[in-house]
Amino acid sequence: MSTKKRWKPLTLVALACLILVLGACGNTKDAIPADNANQSESTENTGSMDGMDHVSMDHNGSGEVPEGLKTAENPTYAIGTQAIIESDHMPGMKGATATIVGAYDTTVYSISYTPTNGGPEVKDHKWVIHEELKDAGKEPLQPGDKAVVNADHMEGMKGATAVIDSAEQTTVYMVDYTSTTGEEVKNHKWVTESELSPVK
């Protein structure tokens with residue numbers, strides 16, 4: 001066998017390998033790890049409102065409430081009724097019609113904290129309730145106090161040490177609503193009484 005004939009099969013094999021390698025590299029830019037894919041979707045569907053980072057905020061909730069949370073006896077907005085949301089914690093929230101799922105009397109806090117996952121500091125997050133703070137005791141906390149958060153409304157929130165920015169004794173509501181952008185939201189926690197208005 002001549003040298004020319006002997007090298008021809010090797011050249012073809014090398015060329016085929018090169019094509020496979022280049023093909024694999026071409027596909028890697030389209031492959032997104034599962035964790036990153038979820039994060040990208042979350043980023044597209046949420047935004048930052050009032051200086052708060054809601055990139056990883058969970059719009060929907062399980063409907064479970066913290067142990068010891070007291071159901072409101074005579075709330076302004078009874079369970080099953082509707083109200084207009086006046087707050088804009090998240091895009092599409094302000095102006096949406098909410099159905100009241102739960103009403104509770106408690107102390108509600110806005111907080112600032114650094115997420116446990118290493119994300120940037122979150123300032124003036126609304127809202128966390130007294131029963132969602134670890135070992136908070138019976139008395140309401142005051143602005144400037146610190147507490148560990150047990151709630152997981154956002155990624156990196158649970159277990160973070162928060163500074164209380166504001167505190168208010170009020171009725172808070174868990175609500176279902178369709179956002180003005182068309183998203184169905186179930187068991188959203190929390191909306192305060194002052195952030196709701198009657199349906200006209």
Side-chain angles (χ1 to χ4, degrees), residues 42 46-72 75-77 79 83-116 119-177 179 183 185-197:
S42 175
T46 56
S48 179
M49 304 294 289
D50 288 339
M52 296 179 290
D53 180 11
H54 286 106
V55 169
S56 55
M57 188 160 188
D58 185 6
H59 294 225
N60 295 284
S62 65
E64 296 179 4
V65 297
E67 185 177 345
L69 183 59
K70 182 182 177 183
T71 300
T76 301
Y77 302 98
I79 293 174
I84 303 299
I85 303 176
E86 301 294 346
S87 61
D88 56 357
H89 301 172
M90 295 178 290
M93 191 176 201
K94 187 177 177 69
T97 300
T99 299
I100 307 301
V101 179
Y104 309 92
D105 289 332
T106 186
T107 302
V108 66
Y109 304 102
S110 64
I111 59 172
S112 296
Y113 67 96
T114 300
T116 58
E121 183 183 10
V122 177
K123 294 188 176 182
D124 195 34
H125 171 80
K126 298 180 176 73
W127 302 99
V128 172
I129 61 174
H130 190 79
E131 290 76 11
E132 291 175 323
L133 299 178
K134 184 177 180 180
D135 300 327
K138 293 183 179 180
E139 295 300 317
L141 300 181
Q142 301 299 318
D145 289 345
K146 293 183 178 181
V148 175
V149 184
N150 275 336
D152 56 357
H153 302 172
M154 299 172 66
E155 291 180 13
M157 174 183 268
K158 189 168 185 176
T161 298
V163 176
I164 305 299
D165 294 321
S166 69
E168 180 186 359
Q169 186 76 31
T170 187
T171 301
V172 295
Y173 297 88
M174 188 190 315
V175 297
D176 292 344
Y177 68 95
S179 74
E183 181 182 2
V185 179
K186 298 290 186 183
N187 301 318
H188 175 76
K189 304 169 190 165
W190 303 98
V191 178
T192 63
E193 189 158 296
S194 62
E195 293 175 323
L196 296 173
S197 63

Considering all heavy atoms, the nearest Gly159-Thr116 contact: C-CG2, 3.7 Å

Pairs satisfying side chain to side chain donor-acceptor pair (under 3.5 Å), at least one member in residues 135-149, at least two apart: none

Any side-chain heavy-atom pair of Pro115 and Glu155 under 4.5 Å: no

Ring geometry between His188 and Tyr177 (parallel below 30°, tilted from 30 to 60°, perpendicular above 60°): perpendicular

Leu133 side chain near Ile164 side chain, heavy-atom distance below 4.5 Å: yes

Distance, nearest 0.5 Å, that separates CG of Leu69 from OG1 of Thr71: 6.5 Å

Check: Ile100 and Val175 side chains under 4.5 Å, non-hydrogen atoms: yes

Any residue meeting side chain to side chain donor-acceptor pair (under 3.5 Å) with Thr192, in chain and number order, not counting sequence neighbours: Ser194, Glu195

With sequence neighbours excluded, residues passing side chain to side chain donor-acceptor pair (under 3.5 Å) with Glu193: Thr76, Tyr173

Approximate separation, where rounding is to 0.5 Å, of Lys94 NZ and Ser87 OG: 7.5 Å

Any donor-acceptor N/O pair, Lys134 side chain to Thr161 backbone, under 3.5 Å: no

Note, Thr114 side chain near Glu121 side chain (heavy atom, < 4.5 Å): yes

Contact check, side chains of Met157 and Val128, non-hydrogen atoms, under 4.5 Å: yes

All side chain to side chain donor-acceptor pair (under 3.5 Å) counterparts of Thr97, not counting sequence neighbours: none

Ring geometry between Trp127 and His89 (parallel below 30°, tilted from 30 to 60°, perpendicular above 60°): perpendicular

Give every donor-acceptor pair under 3.5 Å between a side-chain atom in residues 101-111 and any protein atom, sequence neighbours left out.
from	atom 1	to	atom 2	distance (Å)
Asp105	OD1	Thr171	OG1	2.7
Thr106	OG1	Glu131	OE1	2.6
Thr106	OG1	Glu131	OE2	3.4
Thr107	OG1	Gln169	OE1	2.7
Tyr109	OH	His130	ND1	2.7
Tyr109	OH	Leu141	N	2.8
Ser110	OG	Asp124	OD1	3.2
Ser110	OG	Ser166	N	3.3
Ser110	OG	Ser166	OG	2.6

Contacts of Ser197 that satisfy side chain to side chain donor-acceptor pair (under 3.5 Å) - sequence neighbours left out: Glu86

Worked verdict on Lys186 versus Asp176 for side-chain contact (heavy atoms from CB on, under 4.5 Å): CA-CA 4 Å; Lys186 298 290 186 183; Asp176 292 344; 3.7 Å; yes

